[in-house]
Amino acid sequence: MYSLSSRLLISVSVLLLLFFGATIAVLDTAFTEAGEQARRDILDGQLVALLAAAEQNDNGDLELPDSRLREPRFGQIGSGLYGEIIDAAGTVIWRSRSGLGLELPTGVIPDLGNHLFAREQLEDTTPLLTLSLAVEWEFDNGDARPFVFKVAESLDSFEAQVAGFRGQLFGWFAAVAVTMLLAFSLLMRGLMKPLRKIETEIGEIEEGHRSSLSNHFPTELTGVARNMNLLIDSERARSDRYRYTLDNLAHSLKTPLAGMRALLSDSNNEVFGDRFNEQIDRMDEIVRYQLRKPAASAADNLVLQPVPVEKEVSRLIEGLRKVYHDKAPRIEVSIEGGMQFRGDTGDFLELAGNLLDNACKWCEQNVRISVVPSVSQQSIASGMVLTVSDDGPGIPDDAANALLQRGMRLDESTPGHGIGLAIVKDIAQSYGGTLTIQKAKLGGAEITVSIPPIASPKL
């Protein structure tokens, strides 16, 4: 009973049983009543015929000559049609030849001038339908005496007809019910096909052969398929987010580790301990930021405390100078005074840190970073335009989009994971921003991250 098809078939079978049962009962009642009414009409005609054939004999009594009877069954023994006349004393003064040897039941005597139909039985329990009429017969001499004219017909043939009709009725309706159930079963197979399709596609998704449910479903199942796809996409995004977080964590720790390695080579410096602890603190901050990031949303980030841009950029540049001390890149900084980033500190460090790290890695000698606000009217916090450029080999136009994909790198010989720009793009998009890549005036690549301002609510 866990199958919808089985439940529907059983429900339809019960409904058909109730409906056809009621229909059979109605038709049987209608057929029986119509048959009885037809026989009453026939008996009424036979009674009128008896009244018409009755006459006064020479002795002054009432008689009914057989020659005057137009119904031949009255003269056939055992024909099933009987007639008799009873006088006021209850004596049978005439009985049809068909009733020879039988004793018709007297029954109830009707009132004078009234017809009375009744169901009675012979001594052998043969059912009869009887019609009696009490009349007052006026003779030639002026005398009037009461008589009861009675006709009766055996119901054996009628009940046999009713039984045959019932058998046919049950047979017909049984055939119709079976045909309808078969047709409904075939129809259910077609109607249940979309559900079986959903089941098959979900199995294919579990096996990895399909990424989502198709869109070709009936209107009633479109919402189910859509919500299922949303759930699948949500779970897939959650899985990707945790995977990206681990990638981001590994990528973010790369720069502090390089800085620690540089400090270890300069361990005789008197400020070694402070710098080393600074790198450890930064690693701890990165770990905590990356681990809380999957549970955070862009809306949560936008209501955090403002981040002092100049201070954080200075920290990043100081760390990068240690990482790339052999290359000693010249980093030019252009930050508007008092510039603040409205968002999470870790997000800003990811944005600026990844771009500066890539620029220092690929530059010949010069790196430039510029941070200016993107102020809009009716805003509660200005946006930010962060631009980092270098004098390196640059990025070809046809490779710019590929570099924004995780794991894509132009030079496999250079150390790295190939996810820095992908991280920057993801963070920028989480704040409603964009990332663009173009050729810099220095000759290398220029990457710009634009974060829009936060609009103030309308009063």
Side-chain angles (χ1 to χ4, degrees), residues 27-140 144-169:
L27 291 178
D28 179 72
T29 302
F31 179 81
T32 303
E33 291 181 352
E36 286 189 358
Q37 185 60 45
R39 276 158 176 74
R40 289 181 181 182
D41 293 341
I42 293 174
L43 287 180
D44 188 61
Q46 300 294 349
L47 185 63
V48 171
L50 290 182
L51 286 171
E55 62 181 14
Q56 181 179 336
N57 60 17
D58 296 337
N59 298 326
D61 294 327
L62 191 65
E63 68 174 2
L64 205 154
D66 292 341
S67 60
R68 292 178 59 88
L69 295 175
R70 297 182 179 181
E71 176 57 58
R73 287 192 297 166
F74 281 123
Q76 298 174 3
I77 299 176
S79 65
L81 180 62
Y82 315 106
E84 64 181 12
I85 301 175
I86 305 171
D87 62 12
T91 302
V92 177
I93 63 173
W94 176 85
R95 177 173 292 161
S96 65
R97 182 178 176 82
S98 58
L100 187 63
L102 298 177
E103 188 69 29
L104 297 179
T106 303
V108 179
I109 302 300
D111 295 333
L112 189 64
N114 292 335
H115 291 75
L116 178 63
F117 287 98
R119 278 181 171 266
E120 301 176 3
Q121 289 183 345
L122 294 176
E123 294 179 352
D124 59 356
T125 69
T126 300
L128 297 175
L129 179 63
T130 65
L131 172 60
S132 302
L133 174 63
V135 298
E136 192 173 45
W137 194 276
E138 185 176 352
F139 290 90
D140 295 339
R145 286 183 289 171
F147 293 93
V148 176
F149 285 74
K150 185 173 185 179
V151 290
E153 184 178 13
S154 172
L155 293 177
D156 282 342
S157 61
F158 173 69
E159 291 186 347
Q161 291 178 358
V162 172
F165 175 76
R166 288 173 178 170
Q168 291 180 350
L169 204 60

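For this chain, numbers begin at 1 and follow the sequence in order.
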Distance, nearest 0.5 Å, that separates NE2 of H115 from CG of D44: 5.0 Å
Any side-chain heavy-atom pair from L104 and V92 closer than 4.5 angstrom? no
Can you name the nearest heavy-atom pair linking P105 to Q121, along with the distance? CG-O, 3.5 Å
Any heavy-atom pair between the side chains of L169 and L27 that's under 4.5 Å? yes
If I take atom CZ from residue R119 and atom CD from residue E36, how far apart are they, to the nearest 0.5 angstrom? 4.0 Å
Please name all residues satisfying side chain to side chain contact (heavy atoms under 4.5 Å, CB included) with E123, sequence neighbours left out, ordered by chain then number. E103
Can you measure from CZ (F31) to CZ (R166) and round to the nearest 0.5 angstrom? 9.5 Å
Is there side-chain contact between P110 and L133, with at least one heavy-atom pair below 4.5 Å? no
Point-to-point distance, once rounded to the nearest 0.5 Å, from CG of L62 to CH2 of W137: 5.5 Å
Whether K150 side chain and I109 backbone form a donor-acceptor pair below 3.5 Å: no
Is there a donor-acceptor pair under 3.5 Å between the side chain of S79 and the backbone N or O of S98? no
Side-chain heavy-atom pair F74, V151 within 4.5 angstrom cut-off: yes
Fit a plane to each ring of F147 and F139, take the angle between them on a 0 to 90° scale, and name the class: parallel (under 30°), tilted (30 to 60°) or perpendicular (over 60°). perpendicular
Using every non-hydrogen atom in the two residues, find where S96 and Y82 come nearest and quote the distance to one decimal. OG-CA, 3.7 Å
Separation of Q76 CD from E71 CD (nearest 0.5 Å): 8.0 Å
Side-chain heavy-atom pair L155, T126 within 4.5 angstrom cut-off: no
Less than 4.5 Å apart, side chain to side chain, heavy atoms only: is that true for V135 and P146? no
Taking all atoms of both residues into account, what is the closest heavy-atom pair of A152 and L43, and its distance? C-CD2, 4.3 Å
Crowded around R97 CZ? As in, over 12 foreign heavy atoms under 6.0 Å? no
Could you state the interatomic distance from OG (S132) to CG (L47), rounded to the nearest 0.5 Å? 8.0 Å
Residue pair R145 / E136, side-chain heavy-atom distance below 4.5 Å: no
Indicate the atoms forming the closest heavy-atom contact of L64 with A53, along with that distance. CD2-CB, 3.8 Å
Distance-only, no hydrogens or angles: does the T130 side chain make a donor-acceptor pair with backbone N or O of A118 under 3.5 Å? yes
F149 and L131, any side-chain heavy atoms less than 4.5 Å apart: no
